[in-house]
Amino acid sequence: MKKANLPFLTSLVFFLLVWFLSKQSGLVNDLFLPSLGQLMAAFVNLFGTLNFSEDIFISIFRVFSAFLLSALLAVPIALVMFKYKVVGQVLSPYIDFIRYLPVPALIPLTILFFGIDETAKIVLLFIGTFFQLILLIIDDLNGIPKEHFFLTFSLKLNGFQELWFLFKKILPQIYDNSRITLGWCWTYVIIAELVASSSGIGHMIKEAQRFSNTPNVYAGIITMGIIGFGTDYLFKKLYPRIFKYKVTVRLKA
Amino acid sequence: MIKIDGINKSFGALQVLKDFSLEVEQGEVVALVGPSGCGKSTLLNCITGLETQFEGNIYINGELQKQYLEHRRVGIVLQKYSNFEWMTTTENIETAFIRSEDISNQEETIQGLIRETGLTGFEDSYINELSGGMQQRVAVARALAQYTSILAFDEPFGALDVENRLLLQKLFRTQVKHKDLTALFITHDLEEAILVSDKIAVLNKIPSSVRKIFRTDAINFDNSKYSKEFIQLKEQIETQLNY
């Protein structure tokens, strides 16, 4: 059986103890920090009567839709930009321009073009991740050792085969970058839901803040953290299954 | 055969190859030795088509190199990253046939090469599961499986231990002779150069050209490298290198 992460568990217990004691001593006002009991009650109330699971589902749907869309488009576009320099020369300045735009600044335009339904939020998340992902992938492609190109050249690959071999070469890095990009998606989805939404975790947090319901705000934040933690854990767990060739043991002979 | 006919190659103001000429006959191995940075790899890149900007002509099997490369390639083995890590041994060798029109005896060729390179039992192993020596054997097997009669090896065994090095040197030499291939072999190891080649071309510092050619075909793996002839030849080459 795998050993438990004792340092983490110890720190967690310590953290909860500090939280508990700070509340017991009356040092921190309920408005700033709920007690652990209030927090548990908030979770029960959110899931029991306020349909919080629907908010969670809709936020996850928005994040993964935008993430998949940006990954599906960014990977081939980055490969083509890398392989065909002229495409890179045309698109790079646009990408550099857009990637520096803060996503919240684009909210008015996305509402103007796409209204306030799901499309607007997914487009906003897409803009926030797509251009960054292209640059991350191109960076990975730039890191491929020159020997790979010598090798593919010697095999006389056609254009599509070359792109496929490039894709396969950097797939583990794309996978790692996807973890980073997914994190950004969570940041942007909350921004989008805080500003223009009637559902989602961000919306619930905004509503809780309006009524000074601090336990619900904490519950929303902790939920996002747990989802992020869980997703990251899943990514890490799946890595050795997807990339068996990366984690094999080399022979000594 | 390969005929390099007075080629010049510069990188900006730095001339690397100057009026460089060399001939490699069919079935012959020519080892290129010379000071570091003298343009050995650049020369190989010009021949294989990786480097396209140079003056002068290169002929492969009587054809201009550019024409030859339109329908064929040169089998390349490098010191590292010579395989595709996401593929198994067999899949790596199979890539030799990726653009080949004639794949009738593909399976037979691959199985034969796996046997000859001592990779039996490791057909389904990923590259990272193999030792350094085995990885280079896979690379050699793929180069030999390619539809080509020309091989270009750039310090292919430089990072291997003595045992694997000797094994692969013998394998390379045997296969080139058996299949009547034409090969260029870059190495910094004079003993390796003498053992695997029929001729050694000693190159000048840049701008590089051939300083002297030594015939080495009288020495092989059977007559020991401690023989008088071997030691004398090595000393002569060293003298040229230190000139």
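Residue numbers start from 1 in every chain, and the chains themselves are labelled A, B, ... in the order their sequence lines are given, proteins ahead of strands.
Note that CZ of A/Phe131 and CD1 of A/Ile98 are 3.5 Å apart. Values are rounded to the nearest 0.5 Å.
Relative orientation of the B/Trp86 and A/His148 rings is tilted, given thresholds of 30° and 60° on the angle between their planes.
Between A/Glu193 and A/Lys121 no salt bridge is recorded (no basic side-chain N to carboxylate O distance below 4.0 Å).
Contacts of B/Leu78 with chain A are made by side-chain atoms alone, with heavy-atom separations under 4.5 Å and no backbone atom involved. Residue B/Arg72 touches chain A through its backbone alone, counting heavy-atom pairs closer than 4.5 Å. The contact between B/Glu70 and chain A is made entirely by backbone atoms, counting heavy-atom distances below 4.5 Å. For a residue to count as touching a neighbouring chain, one of its non-hydrogen atoms must lie under 4.5 Å from one of that chain's; by this rule A/Lys146 does not touch chain B. For a residue to count as touching a neighbouring chain, one of its non-hydrogen atoms must lie under 4.5 Å from one of that chain's; by this rule B/Asn45 touches chain A with the side chain only. For B/Glu85, the parts lying under 4.5 angstrom from a heavy atom of chain A are both the backbone and the side chain. When heavy atoms are compared at a cutoff of 4.5 Å, A/Leu171 does not approach chain B at all.
The choice from B/Ser82, B/Ser125, B/Ala96 that makes the most heavy-atom pairs within less than 4.5 Å of chain A is B/Ser82.
Evaluated for a side-chain contact (heavy atoms from CB on, under 4.5 Å) with A/Tyr188, the options A/Val103, A/Leu106, A/Ile127 yield exactly one hit, A/Val103.
With no hydrogens or angles considered, a side-chain donor-acceptor pair links B/His71 and B/Glu63 at under 3.5 Å.
No close placement of the A/Trp184 and A/Phe130 rings is indicated, their centers lying 6.0 Å or farther apart.
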